[in-house]
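Structure, as structure tokens:
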2 protein chains.
Amino acid sequence: QVTFSEISPSEFFYRNRDLAGFSNPARALYMAARELVENSLDACETAGILPEVHVRITPLDPKGESADPRAYVLRVQDNGLGIDPKHAPNAFARVFYGSKFKLRQARGMFGMGGTMAILYGQITTNKPVKITTSVDGKKLHSFSMLIDIQENKPIILSHETVEGDGSTGTSVEVTLQGDFLRASQKIADYFRQTALVNPFANITYIDPQGKPFFYFRGTEAMPSPPQETKPHPHGIDVEAMRRLLRQANEKTLQKLLVANFHRVGERTAQKFLEFARLDPQRDPKSLDNEEVVKLVGAIHKFDEFLAPDASCLSPLGEEILKAGVQKELQPEFLAIELRPPSAYSGFPFVIEVALAYGGKVLQEGKKLFRFANRIPLLYDEANDVAWKVLNEEIDWKNYKIPEHAPIAIITHVCSTKVPYKTVGKEYLADRPELERELKNAVREVLRQLKGHLSRKGSMEMVKRK
Amino acid sequence: QVTFSEISPSEFFYRNRDLAGFSNPARALYMAARELVENSLDACETAGILPEVHVRITPLDPKGESADPRAYVLRVQDNGLGIDPKHAPNAFARVFYGSKFKLRQARGMFGMGGTMAILYGQITTNKPVKITTSVDGKKLHSFSMLIDIQENKPIILSHETVEGDGSTGTSVEVTLQGDFLRASQKIADYFRQTALVNPFANITYIDPQGKPFFYFRGTEAMPSPPQETKPHPHGIDVEAMRRLLRQANEKTLQKLLVANFHRVGERTAQKFLEFARLDPQRDPKSLDNEEVVKLVGAIHKFDEFLAPDASCLSPLGEEILKAGVQKELQPEFLAIELRPPSAYSGFPFVIEVALAYGGKVLQEGKKLFRFANRIPLLYDEANDVAWKVLNEEIDWKNYKIPEHAPIAIITHVCSTKVPYKTVGKEYLADRPELERELKNAVREVLRQLKGHLSRKGSMEMVKRK
Ligand SMILES: Nc1ncnc2c1ncn2[C@@H]1O[C@H](COP(=O)(O)OP(=O)(O)OP(=O)(O)O)[C@@H](O)[C@H]1O
Ligand SMILES: Nc1ncnc2c1ncn2[C@@H]1O[C@H](COP(=O)(O)OP(=O)(O)OP(=O)(O)O)[C@@H](O)[C@H]1O
Ligand SMILES: [Mg+2]
Ligand SMILES: [Mg+2]
């Protein structure tokens, strides 16, 4: 007999936690740390606060079993804007609940990363998560919570309110089964690379042996905060258009397009509607289904919409990229290419690439460092669009670069919607527009390297003479 | 101001349909076809019915726009067990609703594949899905449905019941934006390879030009149906153990272990509980949280549990694998290796590998064909564990195989839980146990090829003399 059932989102990711990146104790410890740190950095940047992020990983039972895998307490604290106690339980214990479902550049986007860290802790150690937070410095809220995984909702074991100390921020403490031996290098790399592309952040990390790592703020200049943006017409599909029409306040199609789309002015809207053979003065609610499909089809064919404006984005910029690469790799030669803004499926994005060559740090061969929305991506390199570009679309011979030259390529993609292929945010899909911009950027920095090498070569010939 | 919201599972996958494999019109057309065909094959096999699966892809408007991408009607019909009309709307229009959340080998496992095909059709063409089904041949139910994406529930536009024609089965018709030009080769490959590992199935496929492809049944012998199995102790985590203890009817810990775990008999349970220092006679409900964690920790350390028994699985077997490879590749030499059953994280699995060499069909170089639970995996080869094994863990020089020899490796993994890394079921995670078994299987067939080549070499030397 066939029996049907439904499972909640948390139950789905409990059973299929590989999909979210929590596949084994080493990877899970890494993922939990990164999900919480990314939440902290988002919470600071959203409010324009210079981030102070403190991370501590401690064995639960230091005198007990010392072989990995074993239980660790992971605690991440920030000085961000805090979280409203009305929303905290759901934000942390409910999958698909969050504040980042908007069209705005942020590290988070799925409404489940922090929840997964907490879920993994619970299913491996049974310990509740401890969360403290203050939005105003006056009241400090402390929660002890479990997740009701079958129902996708919080179980609040305790909620205390005490007087705050004047500071805002949040701390999250989870206890989880981890394999620090296997994960430690990646975790250290993660903090180091996070500090490099977020030099305005102070990050402290204390490892299980109590050894502290300090990543001091390199600058007091916060990047300009990203802006929420309206969708670009080329990103629309029939479902989104129907919703728009249903809830529209605007009385005419033309007004609706202008009010709801990115960079669509009256004249563009007029011109487009003539192209689509729809009356600009028509009531949006009067369109039938056929016409909605026709409207969306025409939108995708109309090529006179202004390209998305990437002023809503917050790229690294030359100064930060240069400083970070210099600090980390101390290369003999450094080239930077910041591409002009572009878009895929109506989502604006900007690509920034750096190339580092030579110097004492780099080893022989090509090394790739990938970043997206200021997050370092340390796994699944071979699946990433950047790897594909380097290995399949660049003709290295063209640039006369010696076979084993010590080279690092650093890529940063920022967008209102990073096209991750997995929930664990490990690598980017090979969207053609991204591929094209990455290729152009890499070619440009390789051209500069070629110039450097040829000048270097002729200078050495001059020396020898 | 920070505003929080929740999104439903269908809304999540609507916004992030890349995660489910529906990233562009070509890939979406492929995914929709495969999700529906996999549902049909599951529906037949579950009931021991020799499958008849008919697939038709027709342009929605044959006289209209003929350039891809454009709207296609995809219709898949089967003679399976049908679906109870009480459950049909939720099964097809609700994400995370289905009948395959059990521990039993099947193609489906996430409760959302068919729903995604329907969702993608709706958001690109606005057309409802048409479903007809009969579970007894007496009544035929017809539904016309949309998905309420924001609420993750069906919108039934119509439901008619007429007299059946005596046959059971289901047909699903979706209209979706597809790119047939780009997808056609992959779609044809998918049907061809599906037919090869499911030779008991009759498959018909009519493409948009009306050209029919027949994949006739090669055998009337159905594979032995897979069985539902209890979880193996090594697959348990603290959450699962707590649920078990909470709902347990058994009065003692020993009885609980025997009743709920795969291949745990009274003596093994006794021995284990002594190892874990817990009284076998204790009431399961009396354990506190610390003891539950201790119990699960001990389970993972105890190495005297019997290995999972893979009799619940339904592998291809030598006959089917041989016949399929012979038919498709007509090689000069064919080697087969069926590995003994193994397990990862308590989930039983079986690996079967074939190697084909030479003959008229194979081109120079190594080609990899991957299958899991009788599904061909045609994308993201470089991310798959099988690719990793072939390229990183096999020392090809060992087998004295010429550089450009025409070789194909065919791998099939069957399990109660295939470790896909993505919701789109594109490739398998590199679980160490899978990696080990694949490596051993590939080494064995390469050893046999080496023997063949050396015999062939010496025969040719004899000829020349
Ligand atoms: N340290 C923090 N300070 C303030 N708010 C936080 C913090 N951590 C999480 N939140 C809030 O909780 C919400 C849910 O976090 P969660 O990590 O589960 O999802 P997300 O960050 O929105 O998306 P993603 O799954 O991509 O990480 C966030 O959207 C944010 O509003
Ligand atoms: N052709 C069919 N005949 C009978 N039942 C079907 C058919 N197609 C779908 N179903 C039922 O609908 C349910 C939901 O299908 P859906 O494809 O959405 O999920 P699934 O097959 O369970 O898992 P997956 O997401 O991995 O495909 C199935 O579990 C099955 O019970
Ligand atoms: Mg997050
Ligand atoms: Mg399915």
Side-chain angles (χ1 to χ4, degrees), chain A residues 2-9 11-12 14-16 18-19 23-24 46-47 71 81 83-84 86-87 90-91 94 96-99 101-102 109-112 119 122-127 149-150 177 237-240 242-243 289-290 292-293 296 380 382-383 417 419-423 429 431, chain B residues 2-9 11-12 14-16 18-19 23-24 46 71 81 83-84 86-87 90-91 94-99 101-102 109-112 119 122-127 149-150 177 237-240 242-243 289-290 292-293 296 380 382-383 417 419-423 429 431:
Chain A
V2 183
T3 54
F4 287 83
S5 58
E6 179 163 26
I7 60 176
S8 71
E11 180 71 18
F12 178 81
Y14 159 56
R15 294 178 184 219
N16 299 299
D18 291 296
L19 300 179
S23 32
N24 59 60
T46 318
L81 77 172
I83 176 166
D84 182 337
K86 279 204 308 311
H87 293 290
N90 280 328
R94 207 167 167 100
F96 297 159
Y97 190 98
S99 60
F101 294 128
K102 312 174 169 62
M109 61 188 286
F110 295 134
M112 61 178 284
L119 188 152
Q122 178 175 321
I123 65 174
T124 55
T125 68
N126 221 11
K127 299 243 175 287
I149 298 178
Q150 282 172 311
Q177 187 81 348
D237 56 58
V238 172
E239 171 75 16
R242 292 203 323 172
R243 289 181 193 181
N289 275 348
E290 294 291 316
V292 174
V293 178
V296 172
D380 293 347
N383 311 353
K417 184 176 187 235
Y420 293 111
K421 271 199 83 167
T422 57
V423 175
R431 293 294 186 128
Chain B
V2 183
T3 55
F4 288 84
S5 57
E6 179 162 26
I7 59 175
S8 72
E11 181 70 18
F12 178 81
Y14 160 54
R15 294 176 183 220
N16 299 299
D18 291 296
L19 301 180
S23 32
N24 58 61
T46 319
L81 77 172
I83 175 165
D84 181 339
K86 280 204 310 306
H87 293 289
N90 280 327
R94 206 168 168 100
V95 170
F96 298 158
Y97 190 99
S99 61
F101 293 128
K102 314 174 166 63
M109 62 188 285
F110 296 134
M112 58 178 285
L119 189 151
Q122 177 174 323
I123 66 174
T124 55
T125 67
N126 219 13
K127 298 242 176 285
I149 297 178
Q150 283 172 310
Q177 187 82 349
D237 56 57
V238 172
E239 171 76 15
R242 290 204 324 173
R243 290 180 193 181
N289 276 347
E290 295 291 317
V292 176
V293 178
V296 173
D380 293 348
N383 312 352
K417 184 176 187 236
Y420 293 111
K421 273 200 82 167
T422 57
V423 176
R431 294 293 187 129

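In the text below, chain A, chain B and the rest are named by the order of the sequence lines, each starting its count at 1. Every heavy atom of this structure was used, including side-chain atoms; hydrogens, water molecules and symmetry mates were not.
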Open item on the list: With a 4.5 angstrom heavy-atom cut-off, is it the side chain or the backbone of D380(B) that approaches chain A, or both, or neither?
Closed with: side chain
Task: chain A contact via V296(B) - which portion, at a heavy-atom distance below 4.5 Å - done: neither
Open item on the list: Rounded at 0.5 Å granularity, tell me how far NE2 in H87(A) sits from CZ in R94(A).
Closed with: 12.5 Å
- [ ] Among the options V95(B), V238(B), V423(B), pick out the one with the most heavy-atom pairs lying under 4.5 Å from chain A.
- [x] V238(B)
TODO: Would you mind telling me which of I123(A), V2(A), L19(A), N16(A) has the largest number of heavy-atom pairs within less than 4.5 Å of chain B?
DONE: I123(A)
Task: Choice from R242(B), Q122(B), E290(B) maximising heavy atom contacts with chain A below 4.5 Å - done: R242(B)
Task: Segment of L119(B) engaging chain A (4.5 angstrom heavy-atom cut-off) - done: neither
TODO: First locate atom OH of Y97(B), then atom CD of E6(A), and finally report the distance between them rounded to the nearest 0.5 Å.
DONE: 7.5 Å
Open item on the list: Going by the rule ring pair (Phe, Tyr, Trp, His ring centres under 6.0 Å), which residues pair with F101(B) if we only count those two or more places apart in sequence or in a different chain?
Closed with: none
Task: Which of V293(A), N24(A), T46(A) touches chain B most, by non-hydrogen pairs under 4.5 Å - done: V293(A)
Task: When D237(A), N126(A), N289(A) are compared by non-hydrogen pairs under 4.5 Å with chain B, the top option - done: N126(A)
- [ ] Compare every heavy atom of A91(A) with every heavy atom of F4(B), then report the nearest pair and how far apart it is.
- [x] CE2-CB, 4.0 Å
Task: Pairwise distance CD(E239(A)) to OG1(T125(B)) - rounded to 0.5 angstrom - done: 11.5 Å
TODO: Measure up the F110(A) and F12(B) rings against each other and bin them: parallel (under 30°), tilted (30 to 60°), perpendicular (over 60°).
DONE: perpendicular
Task: Contacting region of Q150(B) [heavy-atom separation from chain A under 4.5 Å] - done: both
Task: Pick from P419(A), A382(A), A429(A), G98(A) with the largest number of heavy-atom pairs that fall under 4.5 Å of chain B - done: G98(A)
Open item on the list: As an exercise: rank T422(A), V292(A), N90(A), D84(A) by heavy-atom pairs under 4.5 Å with chain B and give me the winner.
Closed with: T422(A)
TODO: Using non-hydrogen atoms and a 4.5 Å limit, figure out which bit of Y420(B) sits close to chain A: side chain, backbone, both or neither.
DONE: backbone
- [ ] Determine yes or no for a side-chain-to-main-chain donor-acceptor pair under 3.5 angstrom, with S8(B) supplying the side chain and I149(B) the backbone.
- [x] yes
Open item on the list: Looking at every heavy atom in both Q177(B) and T124(B), which two are closest together, and how far apart are they?
Closed with: N-OG1, 3.1 Å
- [ ] Would you mind checking which part of A240(B) comes under 4.5 Å of any heavy atom in chain A, side chain (CB onward), backbone (N, CA, C, O), both or neither?
- [x] both
Open item on the list: Which atoms of R15(A) are under 4.5 Å from chain B, going by heavy atoms: the side chain, the backbone, both sets, or neither?
Closed with: both
Task: Side-chain donor-acceptor pair present, T3(B), K102(A), cut-off under 3.5 Å - done: yes
Open item on the list: Quick check on the interface: out of M112(B), K127(B), K421(B), who has the most heavy-atom pairs with chain A under 4.5 Å?
Closed with: K421(B)
